[in-house]
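Some notes on the structure that comes next.
So that the names make sense, note that chain A is the first sequence line, chain B the second, and so on, each numbered from 1.
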Amino acid sequence: MATISADNHGLRLAVRYVVLTLIAVIFIFPLLFMVMSSLKPSDQLLRDTASLRAFLPVGDIGFDNYTDAFSRAPVGLFVFNSVLVTGVTVLLSLFLCSLAAFSFAFLKWKGRDLLLGIIIATLIVPFETIAIPLLLLVSKLPWIGLEGLQFGWLNTYRVQIIPWIADGLTVFLFVQYFKDLPRELIEAARVEGASWWQIYRRVVMPLAGPVLATAAILKFLVMYNQYLWPLIVVQQESYRPVMVGLQYFFQLDTAWGEIMAYLTIITVPVLAFYLVMQRAFISSIASTGVKG
Amino acid sequence: MADVKLRDIRKSYGATEVIKGVDIDIADGEFVVFVGPSGCGKSTLLRMIAGLEDITAGTLEIDGVRVNDLEPSRRGIAMVFQSYAIFPHMTVRENVAFGLTINKVSKADKEAAVANAARILQMEHLLDRRPSELSGGQRQRVAIGRAIVRDPKVFLFDEPLSNLDAALRMDMRMEIGKLHQDLGASMIYVTHDQVEAMTLADKIVVLKDGQVMQAGAPMDLYHNPANLFVAGFLGAPSMNFIPVSVTEVGPDTVTVSSPSLDAISVPRKGRDFTTGQTATLGVRPQYLRPVGADAGMLHGTVVLTERLGSETVVDVKLANGSKIIAALPQDMVMSPGEAVSFTFAPDQAHAFPE
């Protein structure tokens with residue numbers, strides 16, 4: 001009996017590994033194709049797509065596509081813009097949305113549940129519906145900068161950041177997480193004399209690792225992949241993000257090799273961010289296995 | 001250290017009143033236990049004293065000051081929660097010092113206070129650990145330590161031992177009792193466990209449905225329960241209740257009888273009876289003495305015998321079908337089916353009118 005069940009166990013394990021490997025391969029192949037293609041001249045790249053050679057570093061291999069990509073477009077500037085806009089938005093979003101969620105989860109005030117309902121309802125509004133009204137709004141908004149009072153936010157970093165800080169999904173994620181924290185922790189802190197701000201900073205946020213990681217990853221992906229909004233509000237190259245920058249490679253002749261090189265470059269920040277957050281995510285999971 | 005006064009305290013959620021006018025006086029340094037079945041409002045009452053629930057009506061005074069509208073932290077209380085509520089991301093030291101850190105107490109004072117609490121609770125060796133590395137009893141110690149360092153006027157305990165296993169519960173119960181002796185602070189303790197109530201309390205407050213059923217010294221409540229509820233709630237095994245009818249009402253005594261009970265005169269204790277009415281006679285299992293059939297007042301047959309070691313508990317079915325329990329000395333053995341008779345001293349019995 002024991003051997004049969006052990007064999008069964010081994011078989012199940014084998015099946016599981018095969019399935020997982022297949023899934024991993026499915027997810028890795030496009031990336032592999034991208035990286036390998038970025039090393040090949042365009043004509044060879046197109047020829048190789050007909051066979052498995054597309055995934056292998058064979059033939060005329062080199063980094064020419066990368067140097068060409070850098071000379072065709074200010075790649076470094078685009079990556080810098082995207083990382084700056086994304087980073088600032090993620091940080092502000094985590095801070096402001098968690099503060100809002102703290103209020104929704106722990107404070108009592110009139111109209112709280114209604115307002116939360118409205119915020120969550122905004123999840124079903126697609127961005128395309130509000131893009132034009134939002135454009136009209138930001139084109140006239142005032143701003144006090146180094147040059148004094150100005151009107152219109154077009155062609156700036158702030159127009160790419162501020163409208164994206166607060167969103168229903170992030171608030172909702174935090175509210176759900178906060179509501180699951182033991183209520184007695186909050187009450188104990190109150191009895192000990194902590195202000196609401198101190199409870200937020202010293203008790204709730206140190207325990208919010210998992211939801212911080214989740215919200216940060218989701219927000220990062222949304223922001224880094226921004227295309228439509230910066231396309232509308234940024235005409236100057238100096239504020240342009242990576243996804244809009246992709247246009248440079250579709251003019252006159254489509255240089256597939258350079259496109260693949262460009263995509264490989266702009267994928268690096270995403271992978272780096274994910275790896276960092278994954279570690280934070282796992283370590284925060286490990287420290288929450290505490291009752292009370 | 002301070003006295004606590006509750007005057008006609010009420011709590012409503014919408015139209016539902018859950019605390020229905022409670023008056024309690026807690027003297028300086030007194031250990032008061034709120035006890036009652038689930039849903040009787042004892043925890044709500046404690047949370048109202050702590051300031052975690054609003055007081056709908058009435059007055060709450062701590063140390064002579066009305067505190068109804070004060071924040072929890074300004075009432076001079078410290079609270080120990082059932083789930084410990086210690087912060088998982090902080091070490092024991094940081095947990096114990098939390099209130100002092102929040103209130104910007106100097107580092108030297110903070111360290112002294114933490115060291116003192118750790119010494120009282122014998123947890124010096126745990127100070128640098130995290131809650132996840134502690135057992136349930138140790139976590140509860142941390143929660144108590146956090147309360148001690150604040151030097152509160154009143155300690156509040158909300159079922160602090162109910163998450164612990166039986167052996168640990170007894171140890172911690174003794175420690176809390178000793179803590180009260182050492183600190184001499186006023187303590188309010190909520191439990192549904194009547195053993196904790198009997199052993200710890202200077203004064204027990206028995207609650208039911210948001211009302212005080214009786215308040216007083218443990219043995220006073222045990223010997224002179226004011227009503228059927230208190231009589232049945234305190235004491236283990238619980239008091240036997242025998243349905244009887246009143247045959248005669250005297251100035252100090254009332255005479256009752258039933259088909260399974262010979263007529264007996266028991267103290268009236270100021271209660272009003274009328275001849276012919278039905279009543280309940282209460283006798284604690286410990287006061288029943290087995291006797292020969294001719295000398296007994298209660299007659300029945302043994303249904304079940306449980307030998308607990310220190311005593312033997314016997315379930316007996318009376319002639320009229322009702323059941324009573326007798327707690328007998330450990331060496332006394334009775335077999336199921338055996339006919340038995342019991343007697344008891346009339347002044348140890350209680351008569352309650354219907």
Side-chain angles (χ1 to χ4, degrees), chain A residues 94 98 101-103 105-114 174 177-216 279-292, chain B residues 43 46-47 49-54 70-90 94-105 129-136 138-140 142-147 149-150 152 154-156 158-160 163-164:
Chain A
L94 292 182
S98 65
F102 183 87
S103 171
F106 300 121
L107 306 185
K108 285 181 193 161
W109 39 277
K110 222 177 186 140
R112 181 187 66 174
D113 295 348
L114 177 71
F174 276 108
Y177 187 83
F178 289 168
K179 281 188 171 170
D180 285 344
L181 287 176
R183 191 183 59 158
E184 292 188 334
L185 286 182
I186 313 298
E187 291 177 346
R190 282 184 66 200
V191 170
E192 295 289 312
S195 63
W196 286 115
W197 168 250
Q198 285 169 320
I199 293 174
Y200 169 81
R201 205 176 71 76
R202 290 174 177 275
V203 178
V204 171
M205 289 317 277
L207 297 173
V211 69
L212 280 170
T214 309
R279 190 177 298 170
F281 187 76
I282 290 170
S283 68
S284 59
I285 290 272
S287 66
T288 44
V290 177
K291 192 182 172 193
Chain B
S43 279
L46 190 78
R47 292 168 56 80
I49 296 172
L52 297 170
E53 299 278 353
D54 296 334
L70 284 189
E71 276 290 299
S73 56
R74 303 188 54 200
R75 296 186 178 197
I77 51 121
M79 186 153 172
V80 177
F81 293 85
Q82 179 177 354
S83 69
Y84 324 131
I86 52 179
F87 306 116
H89 57 294
M90 299 179 193
E94 289 163 343
N95 262 290
V96 172
F98 182 79
L100 305 180
T101 309
I102 289 291
N103 293 305
K104 301 199 163 62
V105 171
R129 291 201 200 165
R130 295 209 173 244
S132 54
E133 300 166 273
L134 302 180
S135 67
Q138 289 170 330
R139 288 181 202 185
Q140 194 55 280
V142 176
I144 294 172
R146 190 171 64 191
V149 293
R150 297 187 58 227
V154 184
F155 282 84
L156 307 178
D158 188 6
E159 307 212 23
N163 282 0
L164 304 178

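In this structure, A/Gly193 and B/Ser73 approach most closely via the heavy-atom pair CA-CB, 3.1 Å. Taking all atoms of both residues into account, the shortest heavy-atom contact from B/Asn103 to A/Glu192 is ND2-O, 3.5 Å. Nearest heavy atoms, B/Ile86 versus A/Leu185: O-CD2, 3.3 Å.
A donor-acceptor contact shorter than 3.5 Å links the side chain of B/His89 to the backbone of A/Arg202.
Here the straight-line distance linking atom NZ of A/Lys108 with atom CG of B/Asp54 works out to 6.0 Å at 0.5 Å rounding. One distance of note links CZ of B/Arg47 with CD of A/Glu187; it measures 4.0 Å at 0.5 Å rounding. Rounded to the nearest 0.5 angstrom, A/Gln198 CD and B/Phe98 CZ are separated by 7.0 Å. Of the inter-residue distances, the one linking A/Ile199 atom CD1 with B/Ile102 atom CD1 reads 8.0 Å to the nearest 0.5 angstrom.
Counted within 6.0 Å of CZ on B/Arg74, heavy atoms from surrounding residues, nucleotides or ligands total 12 or fewer; the atom is thus considered open.
In this structure, the portions of B/Arg146 lying under 4.5 Å from any heavy atom of chain A include both its backbone and its side chain.
Looking only at heavy-atom pairs under 4.5 Å with chain A, the residue among B/Ala78, B/Pro72, B/Gly51, B/Ala50 that has the most is B/Pro72.
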